[in-house]
There are 2 protein chains.
Amino acid sequence: MKKGRVTIIDIARELSIAPSTVSRALKDHPALKKETKDAVRALAKKLDYQPNLLALNLLQKKSNTIGVIVPEITSHFFSAIITGIQDVIGDSEYNIMICLSNESYEEEAVIIKKLLKIQVDGVLVSPTSETKNFDHFRTLQKNDIPVVVFDRDCPGLEADKVLVDDYAGAFQAVEYLIKSGCTKIAHLGGPLNLSTTKHRLQGYLDALENADIPIRKEYIEHVPGFSHDDGLKPAERLLKLEDLPDAIFAMNDNIAISAMHIARKMALKIPDDISIVGFDDEPHSSYFRPSLSTVWQPVYSLGMLSARIILHRLNDKGPQKNFRQEVFKPELVLRASSRECASRKNDKVKL
Amino acid sequence: MKKGRVTIIDIARELSIAPSTVSRALKDHPALKKETKDAVRALAKKLDYQPNLLALNLLQKKSNTIGVIVPEITSHFFSAIITGIQDVIGDSEYNIMICLSNESYEEEAVIIKKLLKIQVDGVLVSPTSETKNFDHFRTLQKNDIPVVVFDRDCPGLEADKVLVDDYAGAFQAVEYLIKSGCTKIAHLGGPLNLSTTKHRLQGYLDALENADIPIRKEYIEHVPGFSHDDGLKPAERLLKLEDLPDAIFAMNDNIAISAMHIARKMALKIPDDISIVGFDDEPHSSYFRPSLSTVWQPVYSLGMLSARIILHRLNDKGPQKNFRQEVFKPELVLRASSRECASRKNDKVKL
DNA sequence: AAAGACTATGCAAAGGTTTGCATTTTCCTA
DNA sequence: TAGGAAAATGCAAACCTTTGCATAGTCTTT
């Protein structure tokens, strides 16, 4: 009786043939006699032979692992993306390794080093809100590790990218607020370094300009982070202005809910006194009262596409070029935290 | 110029010594001359030598990977546990591989096979709500892979376990409802197979019995899944009973919120007409109006402890025995969806 | 000066699989 | 039946590191 697991050598010995023949038999090599193949396969099955992937990894210099770097997973946004990624990668020969950067550039850099060390075959990454320099991603590429950036863009980095048209989402949202009669529209933006923050801000600005509404600096605040608590202070600043806004377009749903809280505390009626629109369409946003109008993003699809792209890169060796850039369209979801609008029937509405 | 990455052999050749000497120098083997060590270390640094973990894995027959199997990650509950796990494992030599079973026994079994194939060193698992048979976990153990079960128990499986005292949490919650004057307390339970469901149900039953309140079958409903939508129908059944309950203790926050919705739709006042208490303390539960009373669980700690236990097992080879069973105490969090209670001041309250 | 002790280093195997090339076996044809 | 082509299989290297044992070299002691 052998101790450990069954190897190709055990099978070879038992059948008095060479290990290489066994290997070929198991992969249906055309040069082999049918009988040999059958004998090998039968014995392999009988002994419950399991190929040793560790040996294969060494031989092929690859780990069959794809690293996924995200800032966090406690929000529905990233956990849904990961679910999409997992559902695609799960059917392939690859495994995914999820790494949390905690929105810290430093941790992100450490993760990259770790992934290099274990020789991941590819990396999917949504950079932290602190990341301004992308050289660590380029290091991956120099080591022939394809990188796919998702959701948060890395301007200047040449890589496959799967993004959301944040600009359009923001523009739509603010345009709707204007149509619904709001004129004093404030914005609660995210950390300034982030591409998503910038694009949503630009969408906000352009929608105002497009409607000939002057931009007021005091109506624009930026939050330090993405949690409910991060939004409270900035929301309070907006709602303590002398000339009170009649609408707030927030960077995400959590922040929008912070604004709702402050508004409620100040006895403002939503949406009569003030409309509030978020971004992300987190599942619980529809359960609030008033339910939150927001911008929906195809998170699951985003994850799936990112995964498909990296699988494609991995199968399709060769120099990395012709980078793809896919941009998903978000959709405005109108609920009860924003006023009705005369032309509402003409808008695409998702409830 | 060499093509690939620098190996121990490259260093050996350059210094005209044996690879084994290089290996020993890098691990500070006592038999080596200081000068040799220094020379090796200097060159290793200069060439930016990175040990090839793939080779090590093969040699040591281990993958340095810990599998983490969870039903899903889109809820705050599991994503927070994973964050705790990650924060502990991240500092070790191990990597974690997160696998989603989607509450499907079949998928869970497939995952186990995959983890065996890649030769994980250990597994952390919270079984699906369908899992009644634990032989697949025993298969892991037979292969000398330690298993740590967390949150959801596997009765009869001998393994390390990190659980929450669901019984006590439920008992406390229902006891409070009784103290606050409720007498017709209904329960929205989870899928019946789950240990957590059973224990919470038992806590509910015992709290009633303890107060001499007769148990009414029609006041007990079970939801098929954990999402908001899964709770709607069962909640409706409860609230359409002729003898309306004056309180609902729900399996989790999502279900509690389903109940809140149905109650509101029926113009019931919360908590005046009906008190509602959830379980889990999801972050958004405090933002609802009325804010949700619920039972808080130390999710992050639960993840960290599970991770520590498996690391300990991995360092501490030898036969698996003396399994640990750790049980965390949950805490009742009183908010606005339940009535005040005369003796409230005496309770430990977390807001 | 020789034996013994100790220090420093090298050799080679092991871990399991794949693959180009070499070799053997089989079969057909002249 | 020899020759050669074609079919089937084997050999050995490669992937990189670790480690028990062997060996070479140095020093000490009698």
Side-chain angles (χ1 to χ4, degrees), chain A residues 2-41 43-44 47-65 93 116-121 143-144 317, chain B residues 2-41 43-44 47-65 93 116-119 121 143-144:
Chain A
K2 276 272 296 179
K3 344 80 206 296
R5 49 200 286 166
V6 181
T7 76
I8 233 172
I9 300 179
D10 299 327
I11 298 180
R13 193 158 25 211
E14 186 118 348
L15 294 172
S16 305
I17 55 178
S20 49
T21 305
V22 176
S23 169
R24 278 187 268 250
L26 293 172
K27 342 200 75 180
D28 208 14
H29 193 285
L32 290 205
K33 236 184 351 197
K34 185 165 179 305
E35 304 137 49
T36 316
K37 288 187 201 172
D38 288 345
V40 169
R41 287 199 202 121
L43 186 58
L47 299 181
D48 189 31
Y49 165 74
Q50 302 285 358
N52 187 328
L53 294 187
L54 267 29
L56 253 202
N57 289 348
L58 173 58
L59 191 65
Q60 296 171 175
K61 293 181 174 189
K62 51 181 278 195
S63 59
N64 280 302
T65 300
E93 80 224 79
L116 271 168
K117 216 166 157 187
I118 65 169
Q119 290 168 70
V120 284
D121 301 325
N143 282 276
D144 274 324
K317 299 292 153 62
Chain B
K2 276 273 295 179
K3 336 88 201 293
R5 48 199 287 165
V6 180
T7 76
I8 233 172
I9 301 180
D10 298 327
I11 298 180
R13 194 159 24 213
E14 186 119 348
L15 294 174
S16 305
I17 57 177
S20 49
T21 306
V22 177
S23 170
R24 280 188 266 250
L26 293 173
K27 338 201 78 180
D28 207 14
H29 193 284
L32 292 205
K33 240 188 341 205
K34 184 166 181 307
E35 304 135 49
T36 317
K37 287 187 198 171
D38 288 346
V40 168
R41 288 201 202 120
L43 187 57
L47 299 181
D48 188 30
Y49 166 74
Q50 301 285 358
N52 187 327
L53 294 188
L54 266 30
L56 253 203
N57 288 348
L58 173 58
L59 193 65
Q60 297 171 175
K61 292 182 172 189
K62 53 182 278 194
S63 60
N64 280 301
T65 300
E93 79 224 80
L116 271 169
K117 216 166 159 187
I118 65 170
Q119 291 168 68
D121 301 325
N143 282 276
D144 274 323

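Chain naming here is simple, since letters A, B, ... match the order of the sequence lines and numbering starts at 1 in each. Owing to the predicted nature of the structure, the values given are computational and were not obtained by experimental measurement.
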[X] side-chain proximity, nearest of [options]:
{"X": "A:T7", "options": "D:dG10, C:dT17, C:dT9", "result": "C:dT17"}
{"X": "B:I9", "options": "D:dT17, D:dG10, D:dC15", "result": "D:dT17"}
{"X": "B:T21", "options": "D:dG10, C:dT9, C:dG15", "result": "C:dT9"}
{"X": "B:S23", "options": "D:dT19, C:dT17, D:dC16", "result": "D:dT19"}
{"X": "B:A18", "options": "C:dG10, D:dT9, D:dT17", "result": "C:dG10"}
{"X": "B:I8", "options": "D:dT9, D:dT17, C:dG16", "result": "D:dT17"}
{"X": "B:R24", "options": "C:dG16, C:dG10, D:dC16", "result": "C:dG10"}

For [N], does either OP1 or OP2 sit under 4.0 Å from a side-chain N or O belonging to [X]?
{"X": "B:Y49", "N": "D:dT17", "answer": "yes"}
{"X": "B:S20", "N": "C:dC11", "answer": "no"}
{"X": "A:K37", "N": "D:dA8", "answer": "no"}
{"X": "B:K27", "N": "D:dT18", "answer": "yes"}

Protein-nucleotide distance ([X], atom [atom1]; [N], atom [atom2]), rounded to Å:
{"X": "A:L32", "N": "C:dT18", "atom1": "CG", "atom2": "P", "value": "13 Å"}
{"X": "A:I17", "N": "C:dT23", "atom1": "CD1", "atom2": "C1'", "value": "17 Å"}
{"X": "A:L58", "N": "C:dT17", "atom1": "CG", "atom2": "P", "value": "12 Å"}
{"X": "B:L54", "N": "D:dT17", "atom1": "CG", "atom2": "C1'", "value": "12 Å"}
{"X": "B:K62", "N": "D:dT18", "atom1": "NZ", "atom2": "C1'", "value": "14 Å"}
{"X": "B:L56", "N": "D:dC15", "atom1": "CG", "atom2": "C1'", "value": "13 Å"}
{"X": "B:D10", "N": "D:dT17", "atom1": "CG", "atom2": "P", "value": "9 Å"}
{"X": "A:H29", "N": "D:dG10", "atom1": "NE2", "atom2": "C1'", "value": "13 Å"}

Less than 4.5 Å apart, any side-chain heavy atom of [X] and any of [Y]?
{"X": "A:V40", "Y": "A:R24", "answer": "no"}
{"X": "B:H29", "Y": "B:K27", "answer": "no"}
{"X": "B:L116", "Y": "A:Q50", "answer": "no"}

Between the base of C:dG16 and the side chain of A:R13, is there a donor and acceptor pair under 3.5 angstrom?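 Side chain to base: no pair present.
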Can you work out whether A:A55 or A:K33 has the more 5'-proximal nearest nucleotide on DNA chain D? A:K33
Are B:D28 and B:R41 ion-paired here, with the side-chain N under 4.0 Å from a carboxylate O?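 A salt bridge is present here (some side-chain N lies under 4.0 Å from a carboxylate O).
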Restricting to non-hydrogen atoms, name the atom on A:L26 and the atom on A:A44 that form the minimum distance, rounded to 0.1 Å. CD2-CB, 4.0 Å
At their closest point, which heavy atom of A:D121 faces which heavy atom of A:S63, and how far apart are they?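 So the minimum-distance heavy-atom pair works out to OD1-N, 3.3 Å.
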Mapping B:K34 and B:L59 onto DNA chain C by nearest heavy atom, which one lands closer to the 5' end?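 That would be B:K34.
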